[in-house]
Protein chains: 2
Amino acid sequence: MNEQANRSLEALKNTASGETVASALSLAIHEHRLAPGTKLGEDEVAEIFGVSRTVVRAALQALAHHQLVDIRRNRGAFVAQPSLREAREVFEARELLEPRTAKSAAMRATPDDIDLLKRHIVDEHAALDAADQGRALRLSGLFHIEIARIADQATIAGFIEALIARSSLIIALYWRRESALCESFAHHALVGAISEGNSQRAEELMRSHLVDLHSALDLRDRPNPPRSLRDALRP
Amino acid sequence: MNEQANRSLEALKNTASGETVASALSLAIHEHRLAPGTKLGEDEVAEIFGVSRTVVRAALQALAHHQLVDIRRNRGAFVAQPSLREAREVFEARELLEPRTAKSAAMRATPDDIDLLKRHIVDEHAALDAADQGRALRLSGLFHIEIARIADQATIAGFIEALIARSSLIIALYWRRESALCESFAHHALVGAISEGNSQRAEELMRSHLVDLHSALDLRDRPNPPRSLRDALRP
DNA sequence: GCAAATCGGGTTGTATACAAAACTGTGTCC
DNA sequence: GGACACAGTTTTGTATACAACCCGATTTGC
C-alpha cells in the first residue's frame, strides 16, 4: 500500500462511524458496485474503513434490517439476492404506494420542491451522459424518494425508501439488457404534472411509470437466471 | 437472590440469544408492560437475561430499526413515544394497506386459515374475560398480522407488522379510556366475510374497523398529553 | 482408487476491557 | 441565596480477546 492510499484511508478512519460504514455500503449496493451475492466479510470491511468489527457488525445488521444484505448465522453477511417472488412483491407494493404518494406530492409541492426535482433530473441526465449507470440508477431512486418526502408522509416514505433500495438489487438481478434505461422522460412528465398541481395526472403517470419499470424486468419462472452459475463458482 | 430465582435465571441464561432478548422486549412493549419512555439500560437488560451487553445492544438496535425503541447517542435506549403526527401517519398507512390486504386474504383463505383466525378470536375473548388487557391487545394485533400473512404478500405483511407494533405504542399513549376495547365484534364480522370469500365486504369491514380504531384515539393537537409531565419527572 | 472421517485454518458469535461522554452532586464565587 | 463550575459516578461507544462453528484439505481405511 502506497503512501497516498494510506493517507486517504487514514482520513476515512477519522470520520468513519457505524452510520458511515452503513451508508457507504448502501451506496455501493445502490450503484451496483457490489453485486448481489457478494460476501461482506467482517474483518475485510473493518480493515477497509479502519474501524473494529464491532461497528461493522452493527452496520451489517442495519443493512440486514433493510433487507439489503442477508446474514446467515455462522456464515456471514452477503449482499441480498431477492427471489423472483420477492421481486414481484416489491413492485406490487410500489405500484400500490407510490401512485397515491405522487398524488399527494402534486397537491403539496412548493416551488422549492419543484426546483429540487428538476435539479434531480438534470443530475440524472448528466450521469447518463457520463455513462455512469450506477449513479444514474441511484439518482433515479432518489427522485422517487424525494417525491415521497414531498408528500409529507414520513412513515410511507420510509416504506418506499426500503422498496427502492430492494428495487436496486432486483434491477441488478433481473434487468433485461434489451430494454433501455431511458426513464428520464417519465420523470420529466411527472415533474410537469406535479408543478401544475395536476394530482390526478401525477398519480396516473406514476402508475404507468412503475408498470413500465416492472415490465422491463425479466420475472419469468426461472429461479435466479444469471446467478446460479456464479453462485456455484464464487461463494 | 434465593436459590430458586437463581436457577430460573440460569435457565434463561442458556436459551437467551440476541433474538430472544429482542422478542422478549418486543412482547413486553406490545403487552404494555413497558411504558413508552421507559429507559432500557444496557447493563440492566443484560443482567436480566444473563447475557453480555453486546447481544443486548444488537437487540436494542433491532428494535430501534422497527421504531419500537428510540436510541439517542450517548444517552441510551428508551421505549419509543410516537408523536401525534406519527400516530396519524401510522393509522393513515394502515387504512391504506390493510383493507386491500383483507380483500386479498378473503380471496385466498383456506379452511385452515379460517380455523386459525377463529382460534385467534377465541383466545382474544379469553384474554378479555381474564381482564388481561395487554394480552388481548397483543392478540388483536396478531389477528391483523395473520390476515396479512394469509394475503400472501410477505413484503406488505412486513410493513403491516411494523405498523401494528407502533400502533401498540400509540394506543398506550393516546387511547381514550371512554371508548371500550370491544373490537371482537369487528374481528368476528371480518372472519365471517373472509370465510364466505366476500372480498369486497372484507375490504370494507377492515376499512371501517380501522376508522373506528383511529377515532377511538385522542389525536387532537396537544403534544403528548399525558406524557409531558412524566417526561419531566422520569428520564 | 474412492469414500469417509478427522484435523487445521479461518470466520463469526460472545464476553470483557478500556475510553469517552453524560449526569449527579458538591463546592465556590458573585 | 443563586448560579456557575468542577469532579465523581454511571452509562454508553469502541476495540480487542477468546470460544464456537463452518468449510476445506489431507489422511486413512476399505
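In what follows, every chain begins at residue 1, and chains take the letters A, B, ... in the order their sequences are listed.
When each of dT12(D), dA15(C), dG13(C) is scored by its nearest atom to the side-chain atoms of N74(B), the top-ranked nucleotide is dT12(D). Considering only the side chain of R57(B), dT12(D) comes nearest among dT12(D), dT12(C), dT16(C). The listed nucleotides are dT12(D), dA15(C), dC23(C); the one nearest the side chain of R75(B) is dC23(C). Of the candidate nucleotides dA15(D), dA15(C), dT14(D), dT14(D) has the atom lying nearest to any side-chain atom of R53(B).
Closest-nucleotide positions on DNA chain D for A77(B) and S52(A) were compared, and the one nearer the 5' end corresponds to A77(B). Heavy-atom nearest nucleotides on DNA chain C were determined for G76(A) and for T54(A), and the one closer to the 5' end corresponds to G76(A).
Note: E44(B) CD to K39(B) NZ = 9.0 Å, rounded to the nearest 0.5 Å.
Atom pair R72(A):CZ and dC22(D):P shows a separation of 13 Å (rounding to whole Å applied). Atom CZ of F78(B) and atom P of dA22(C) are 13 Å apart (whole Å). A straight line from CD of E44(B) to C1' of dT11(D) spans 12 Å, rounded to a whole angstrom. Protein atom CD of E47(A) is 18 Å distant from nucleotide atom C1' of dT14(D), rounded to whole Å. When the P atom of dT16(D) is taken as reference, atom CG of D43(A) falls 11 Å away, rounded to whole Å. Rounded to an integer number of Å, the gap from CD of Q61(B) to C1' of dG13(D) is 10 Å. Rounded to whole Å, atom P of dT12(D) lies 14 Å from atom CG of D70(B). Rounded to an integer number of Å, the gap from CD of E42(B) to P of dT14(C) is 16 Å.
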With side chain to side chain donor-acceptor pair (under 3.5 Å) as the test, would you mind laying out the steps for Q133(A) and H32(A) before giving the verdict?
-> CA-CA 9 Å; Q133(A) 291 257 337; H32(A) 288 185; over 6 Å; no

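Distances shorter than 4.0 Å separate some side-chain N or O of K39(A) from OP1 or OP2 on dT12(C).
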Just list the side-chain donor-acceptor pairs under 3.5 Å for residues 58-65 of chain B, sequence neighbours left out, or say none.
unit_1: H65(B); atom_1: ND1; unit_2: H65(A); atom_2: ND1; d: 2.5
unit_1: H65(B); atom_1: ND1; unit_2: Q61(B); atom_2: O; d: 3.1

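In summary, the side chains of T101(B) and E98(B) do not present any donor paired with an acceptor at a separation below 3.5 Å, with no hydrogens or angles considered.
Within the structure, ring-ring contact (aromatic ring centres under 6.0 Å, His included) pairs that include any residue of residues 136-156 of chain A comprise F143(A)-H187(A), H144(A)-H187(A), H144(A)-H209(A) (at least two apart or interchain).
Within 4.0 Å of R73(B), counting heavy atoms only, lie sugar-phosphate atoms of the nucleic acid but no base atom.
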